[in-house]
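Let me begin by presenting the structure, written as structure tokens, before commenting on it.
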Amino acid sequence: MALKLVSRSQWGARDYRRPNGATLYSGKRRGVKLHYLGTAYSDRPHTQCAAYVRQIQAQHMDGNGWSDIGYSFVVCTHGYVYEGRGLRRRNSANGNTTLNNQDYAVLLMVGSSGLTEPTDAQLNGARDAIEYCREEGPAGTWLGGHRDGYATACPGDAIYAWVKAGAPRPDTSKEDDMPLTAAEKKELAALVADQVWKRDGLPVRWGTTENPSWSAYSILHHATEVSRDNRTRLMKLQADVGALSGVVSRLAEGGGLTAAEIQAAAEAGAQAALAKLGEQLADTDPQG
Ligand SMILES: [Zn+2]
Ligand SMILES: [Zn+2]
């Protein structure tokens, strides 16, 4: 995953107050602490995310009286990482000066109600932010939440469990492991049969009263045979085309061929094309 960093100018950040907003970390960071919004939040189109980050900054500067947005970085549900105080300037989100100086503060835009679970894109974005902090900060490998060493529910149970498990990238293959219900399997089988019937022109449709005894296997078997027949026809057609183009090119080279020579050339071309196609068929046909 490539870090999708949104700079302060890109999200329209206000300038921070000095001198407090310019305070740098006094040493290397131990690691990264995660946060959530702790308020109701509903997911929204990405076009509205920058405005939401500006709103957080306004709340921190005008409501809390801080010199800038408190977080080091903010991760939206679409996986974008907004630069808050960034890598160098000390954050003000972890609870007190000691805690702020100790770890970076990364907010995931997830609520305590409404949207309470981070999205897969967001977890990837948070992982990107953690790696960015480690590589460019630098930060050590410690990972935790706002609640570590401070009395708060932040970052919520879902994010806390994830970060304490080492903040792994989400497993996108898990959807494939979801078992199908019997009804879904039946529907899927009918769909496949329909497609095979439509494409290859099987004489009867699976499950009709004309031939109720057909099983999915017999459909598949028949479809395979139809497909093999079609392939043989296609092969002959391609051979004919190959033969004709051979004749045409000889005629174009100077002409003067007799009818017998044209016939012989066509047959030779057809044999050569058939032999070539036969090799291809042997390579690709599991039945052959
Ligand atoms: Zn927090
Ligand atoms: Zn977004």
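Every value quoted in this text rests on a predicted model; they were computed, and no experiment measured them. Here, residue 1 is the first one in the sequence, and each next residue gets the next number. When a ligand or atom number is given, it counts from 1 through the structure's own listing order.
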Carefully, step by step, assess Tyr71 and Tyr82 under the rule ring-ring contact (aromatic ring centres under 6.0 Å, His included). CA-CA 10 Å; Tyr71 307 108; Tyr82 297 77; over 10 Å; no

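The side-chain tip of Arg147 points at the ring of Tyr160 from less than 6.0 angstrom away and within 45° of straight on. Judged by the 6.0 Å distance and 45° axis criteria, Arg18 is positioned over the aromatic ring of Tyr16.
The 12-atom threshold is exceeded at CG of Asn96, counting heavy atoms of other residues, nucleotides or ligands nearer than 6.0 Å. Within 6.0 Å of the NZ atom in Lys28, the count of heavy atoms belonging to other residues, nucleotides or ligands does not exceed 12.
For the pairing with Trp142, the side-chain contact (heavy atoms from CB on, under 4.5 Å) check across Lys33, Arg29, Gln102 returns one residue only, Lys33.
We find that Asp15 and Arg8 are not joined by a salt bridge, their nearest charged nitrogen and carboxylate oxygen being 4.0 Å or further apart.
Protein N/O/S atoms closer than 2.8 Å to the Zn ion (ligand 2), listed by chain and residue number, are His46 ND1, Cys49 SG, Cys76 SG, His78 ND1. Excluding water, every protein N/O/S atom under 2.8 Å from the Zn ion (ligand 1) is given here by residue and atom: His35 ND1, His146 ND1, Cys154 SG.
For His146 and Tyr36, the gap between ring centers reaches or exceeds 6.0 Å. Taking the six-membered ring for Trp and the full ring otherwise, the centers of Tyr52 and Tyr41 sit less than 6.0 Å from each other.
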